[in-house]
Amino acid sequence: MHTPHWRPQLHFSPRQHWINDPNGLVWHAGEYHLFYQYNPQGDTWGHMSWGHAVSTDLLHWEELPVAIPEDTDWMIFSGSVVVDHAHTSGFGDGVEAPMVAIYTGHAQQSDADGLHRQNQQLAWSTDRGRSWHKYPGNPVLDLGSGGFRDPKVFWHAPSSRWVMLVSMADEGYLRFFTSADLTRWAPASDCRIDLPGCRVWECPDLTRLPVAGEPDAWLLKFDVFHGHPGGGSGALGVVGDFDGERFTPRQAPQWLDGGMDFYAAIAFGAMPPRDSRCVWLGWMLSHHYGKATPTQPWRGAMTVPRELGLSRIDGQLHVVQQPARELLVSRGAPWTCPAAALPGGRSVLTASLSAPGSDRAVQAWDLRIEVDAQQANGWSLGLRVGGGEITRVGVDRARGELFIDRRHSGVDPGIGGFAGVRRLPWHGARDERVTLRILLDASSVEVFSSDGAAVLTETIYPREDSRGVVLESDAAVVLHRLTAWPLQVPARAPAP
Ligand code: FRU
């Protein structure tokens with residue numbers, strides 16, 4: 001049974017089959033490339049290959065044929081893409097700068113000791129990523145390990161070298177290597193961070209970010225399969241310094257998303273000329289229940305591209321994220337709820353999200369709500385409300401937290417702790433007046449605090465006609481404004 005009413009409008013999802021991590025994000029020759037972990041044969045994890053989509057505006061994605069397919073020996077796990085403008089690798093004809101993919105090969109067969117070996121391999125393309133040549137000298141790095149994956153490669157200008165950051169997944173640390181030509185790699189340093197309970201480290205990334213009025217800092221990010229406070233997997237960020245060989249933390253790690261469906265994010269390795277933003281996106285699902293989610297004929301989507309920054313808040317550098325500004329162009333004429341003083345209680349405001357001037361169901365909305373809590377200890381906005389279904393997004397002032405509650409959000413995959421309340425400390429949550437921005441798509445909710453320091457991402461699978469909105473609070477509140485822009489991204493080609 002197909003489920004078009006859950007098809008993301010604003011977010012990339014494949015026409016059919018399973019996806020997980022974004023891979024090889026890069027802008028090159030007028031196009032943003034989104035490669036991703038893809039099963040070309042089915043709607044659960046397996047046969048991992050690199051799928052491919054391109055965009056000229058970060059909003060509309062065109063799905064292309066599989067870029068790098070698995071072969072009889074290796075599955076193609078996560079990794080990155082660089083554009084070798086200086087022709088250090090010698091790949092190609094020496095005229096067209098090759099795109100070089102650095103990915104993990106995961107052995108199809110196990111060794112005598114039962115281990116599926118993981119090593120780092122290369123492929124290159126000189127036709128804007130449409131066709132790829134696997135490097136005959138693969139692998140370029142092999143430690144004989146079964147937990148050695150997800151290389152992130154970037155050019156480090158001060159040392160005129162390529163740097164690779166890669167995860168020792170099972171041992172729970174990261175390793176740096178350097179290279180002059182992308183084929184011969186030398187060990188540079190190990191990066192160990194004490195994180196009790198955080199197991200299986202994956203998908204590292206390292207990005208230099210500006211800080212207002214201070215020297216730049218580096219953000220090291222990696223994901224842990226187990227250990228997120230919400231009960232599943234999640235992304236951790238560590239702010240520090242990088243000298244081309246070694247990362248030195250300045251602060252304790254911070255969770256980068258309080259929800260369950262933000263994983264394996266990586267930043268675009270190159271952006272268009274004169275665009276100095278750091279933009280990243282993640283996989284908007286979880287391995288803990290992804291295989292049981294009810295969407296058909298696809299499973300998995302990406303988050304919206306997010307602009308990434310660092311802000312000093314209460315003495316600490318905080319990672320801040322906001323939806324990429326490109327998304328604003330998809331806003332249609334807004335629906336607004338006038339300012340009002342509302343008594344406390346359930347459903348103090350009720351409304352229904354449908355397109356202005358019609359009853360056509362709009363699947364994607366950009367909501368902005370500003371509430372003055374006054375005496376209230378907490379308030380929440382209920383979304384996709386109807387027939388016993390509700391997804392609550394709110395502020396717990398006493399605990400100083402933002403939360404999302406999908407215990408009654410619709411279809412529950414029934415495994416992996418899907419149904420639950422996820423909470424994230426946010427310094428602004430104790431304030432009386434709070435503004436939240438919520439991107440609501442056909443089967444997802446992304447919540448951004450006004451300063452971007454707190455983000456919650458979760459998938460939901462409500463009934464098509466659950467379209468209500470309610471505001472609830474434990475005492476009188478003032479609603480300063482609630483604005484809902486329908487997001488009118490042109491429809492996708494119908495699924496085959
Ligand atoms: C993270 C991950 C990566 C791996 C890929 C395989 O979701 O497990 O560590 O490379 O997915 O699909």
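Hydrogens, waters and symmetry mates are skipped; everything else that's a heavy atom, side chains included, is used.
In this structure, Ser286 and Phe418 have side chains that are not in contact, with every pair of non-hydrogen atoms separated by 4.5 Å or more. The shortest distance between side-chain heavy atoms of Gln363 and Arg7 does not fall below 4.5 Å. The side-chain heavy atoms of Leu367 and Leu383, taken from C-beta on, include a pair separated by under 4.5 Å. A 4.5 Å side-chain heavy-atom check between Arg306 and Phe448 finds at least one atom pair inside the cut-off. Under the 4.5 Å side-chain criterion, counting only non-hydrogen atoms from C-beta, Pro297 is not in contact with Asp43. Residues Ser409 and Arg384 have side chains not in contact (no heavy-atom distance under 4.5 Å, counting atoms from C-beta outward). Glu432 is listed as a side-chain neighbour of Arg397, based on a closest heavy-atom distance under 4.5 Å. Between Tyr289 and Met260, the closest side-chain pair of non-hydrogen atoms falls below 4.5 Å.
Arg430 places no side-chain N or O within donor-acceptor distance of the main-chain N or O of His427, the cut-off being under 3.5 Å. Judged by distance alone, with hydrogens and angles left aside, the side-chain atoms of Asn39 form a donor-acceptor pair with the main-chain N or O of Thr44 at under 3.5 Å. In this structure a side-chain-to-backbone donor-acceptor pair under 3.5 Å is present from Ser443 to Trp6. A donor-acceptor pair is defined here as one N or O able to donate and one able to accept, closer than 3.5 Å; no such pair exists between the side chain of Ser78 and the backbone of Asn23. No donor-acceptor distance shorter than 3.5 angstrom exists from the side chain of Gln41 to the backbone of Gly46, with no hydrogens or angles considered. In this structure, the side chain of Ser49 engages the main chain of His47 through a donor-acceptor pair within 3.5 Å. A donor-acceptor pair under 3.5 Å is absent between the side-chain atoms of Ser167 and the main chain of Arg149, judged by distance alone. In this structure, Ser473 contributes its side chain and Ala475 its backbone to a donor-acceptor pair below 3.5 Å. Under a 3.5 Å cut-off, the side chain of Ser55 and the backbone N or O of Asp57 do form a donor-acceptor pair.
In terms of heavy atoms, Pro413 sits closest to Ala292 at CB-O, 3.5 Å. In terms of heavy-atom proximity, Pro249 sits nearest to Val238 at CB-CG1, 3.8 Å. The nearest pair of heavy atoms linking Leu59 to Ser330 is CD2-CB, 4.1 Å. Nearest heavy-atom pair across Asp451 and Gln322 is C-NE2, 3.7 Å. Heavy atoms only, all atoms of each residue included: Asn20 and Met48 are closest at OD1-CE, 3.3 Å. Val470 and Glu472 make their closest contact through CG2-OE2, 3.8 Å (heavy atoms, listed as atom of the first residue, atom of the second, distance).
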All N/O donor-acceptor pairs, side-chain side in residues 223-232, below 3.5 Å, sequence neighbours left out:
unit_1	atom_1	unit_2	atom_2	d
Asp223	OD1	Ala264	N	3.2
Asp223	OD2	Lys221	NZ	2.5
Asp223	OD2	Ala264	N	3.4
His228	ND1	Gly230	N	2.8
His228	NE2	Asp257	O	2.9

Any chance you could lay out the side chain to side chain contact (heavy atoms under 4.5 Å, CB included) test for Leu310 and Val319, step after step, and finish with the verdict? CA-CA 5 Å; Leu310 290 173; Val319 176; 3.9 Å; yes
Going through the distances and angles, do Gln254 and Gln316 end up as a side chain to side chain contact (heavy atoms under 4.5 Å, CB included)? CA-CA 11 Å; Gln254 49 190 289; Gln316 292 288 301; over 6 Å; no
Mind running ring-ring contact (aromatic ring centres under 6.0 Å, His included) on Tyr36 and Phe12 for me, showing each step along the way? CA-CA 11 Å; Tyr36 45 86; Phe12 174 78; 5.1 Å; yes
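Ala265 pairs by the side chain to side chain contact (heavy atoms under 4.5 Å, CB included) definition with Phe262, Trp280, not counting sequence neighbours. Residues meeting the salt bridge (Lys or Arg N to Asp or Glu O under 4.0 Å) test with Arg406, sequence neighbours left out: Asp261, Glu458. Listed by chain and residue number, Phe242 satisfy the ring-ring contact (aromatic ring centres under 6.0 Å, His included) test with Trp218 (two or more places apart in sequence, or in another chain). Asp275 is linked by a salt bridge (Lys or Arg N to Asp or Glu O under 4.0 Å) to Arg277, counting only residues two or more places apart in sequence or in another chain. Taking the side chain to side chain contact (heavy atoms under 4.5 Å, CB included) definition, one finds that Ala429 meets it with Val395, Trp426, sequence neighbours left out. Judged as a side chain to side chain donor-acceptor pair (under 3.5 Å), and not counting sequence neighbours, Asp372 has no contacts. Every residue was checked against the ring-ring contact (aromatic ring centres under 6.0 Å, His included) condition with Trp379, not counting sequence neighbours, and none meets it. In this view, Asp412 satisfies the salt bridge (Lys or Arg N to Asp or Glu O under 4.0 Å) rule with no residue, not counting sequence neighbours. Residues that satisfy the side chain to side chain contact (heavy atoms under 4.5 Å, CB included) test with Gln375, not counting sequence neighbours, are absent from this structure. Remark: Thr435 engages Arg368, Glu370, Ser450 in a side chain to side chain contact (heavy atoms under 4.5 Å, CB included) (not counting sequence neighbours). Applying the ring-ring contact (aromatic ring centres under 6.0 Å, His included) criterion to Phe268, with sequence neighbours excluded, gives Tyr32.
Remark: Asp441 CG to Leu487 CG distance equals 8.0 Å, nearest 0.5 Å. Here the straight-line distance linking atom CG of Leu327 with atom CG of Leu439 works out to 6.5 Å at 0.5 Å rounding.
The aromatic ring centres of Trp45 and Phe77 sit less than 6.0 Å apart.
Remark: Asp431 does not engage Arg433 in a salt bridge, criterion side-chain N to carboxylate O under 4.0 Å.
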